[in-house]
Amino acid sequence: MQLHLISFKTCPFVQRAVITLKHKHIDYDITYIDLAEPPDWFVELSPLKKVPVLKVDDEVLFESAVINEYLDEITGGDLQPRDPLARAKNRAWVEFASNMLGNLYMMKMSKDEDRYNKYRATLVDQLHRVEKRLGDGPWFNGDEFSLADTAFAPFFRQNSVSQNRLSVIDPASMPKVTAWAERLLALPEVRESVVDDFEKLYLAVMKKNGSFSLNQLAA
Ligand SMILES: N[C@@H](CCC(=O)N[C@@H](CS)C(=O)NCC(=O)O)C(=O)O
């Protein structure tokens with residue numbers, strides 16, 4: 001079976017799939033596209049015109065959460081809790097992480113201070129909810145590393161650009177989130193989930209969007 005991931009170099013949703021692929025030591029090919037000028041074959045292939053898309057031989061899978069569940073299921077299914085309620089809750093938190101990724105993007109790309117503050121406040125509230133949900137770790141569900149970890153990790157990677165100088169994590173009020181994020185960011189599969197020039201590309205996207213927070217960084 002040939003697995004072929006279609007990616008955009010700064011997309012955190014693709015990073016989720018890469019983390020799972022690497023965590024599971026699954027062989028795959030990767031093609032990077034430019035979402036600003038998506039090639040015709042991609043528009044034809046991707047129902048929502050979004051990345052990630054995973055080609056499984058000639059079949060097409062889309063949506064990062066679905067792709068990750070598939071990758072887990074073909075390799076033993078150990079990244080989802082066995083209990084149906086625990087599994088459903090894990091899926092709900094994966095969706096929560098997706099919402100946070102959207103808010104992080106909106107915050108980072110906000111042109112003005114008001115919008116920036118609005119998204120930042122939402123994210124701080126969301127991170128406090130995650131803080132309450134976390135136990136003693138090391139992972140989201142305690143000892144068992146799961147798809148919730150692979151779903152949140154790209155949030156922490158994107159949040160950590162520029163040596164955390166734009167971070168929304170407040171270590172004093174979010175000690176569990178802080179420790180969990182550090183643990184995730186230290187994993188090889190998370191470190192290798194982004195391209196070598198990821199930070200440069202990510203900051204370039206912020207600059208192109210006239211990012212308020214990037215100006216703060218320069219000030
Ligand atoms: N719910 C989707 C979100 C994927 C997504 O938003 N991808 C962005 C890039 S990070 C995209 O392809 N955007 C192109 C577009 O919206 O046209 C998933 O989890 O896979």
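The shown structure was predicted, so the numbers you read here are calculated from the model rather than taken from an experiment. Just follow the structure's listing: the first ligand is 1, and inside any ligand the first atom is 1.
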At under 4.0 Å between heavy atoms, which part of K49 makes contact with ligand 1: side chain, backbone, both or neither? backbone
Which residue supplies the protein heavy atom nearest to atom 10 (S) of ligand 1, what is that atom called, and how far is it? C11 SG, 2.5 Å
How close does the nearest protein non-hydrogen atom get to atom 7 (N) of ligand 1, and which residue and atom is it? V51 O, 2.9 Å
So, for A151 and P154, which heavy atoms are closest and what is the spacing to 0.1 Å? O-CD, 3.5 Å
Atom indices of ligand 1, in the order listed, that fall short of 4.0 Å to a heavy atom of P52: 20 (O)
D78 and K24 ion-paired at < 4.0 Å: yes
Residue, atom name and distance, where the atom is the protein heavy atom closest to atom 19 (O) of ligand 1: S64 OG, 2.6 Å
Could you check whether N103 and N99, counting side-chain N and O atoms only, form a donor-acceptor pair closer than 3.5 Å? yes
Side-chain heavy-atom pair Y119, L104 within 4.5 angstrom cut-off: no
For atom 1 (N) of ligand 1, the option (of R16, Q15, K50, E63) bearing the nearest heavy atom: E63
Taking all heavy atoms of F13 and all of S64, pick out the closest pair and write down the distance. O-CB, 3.5 Å
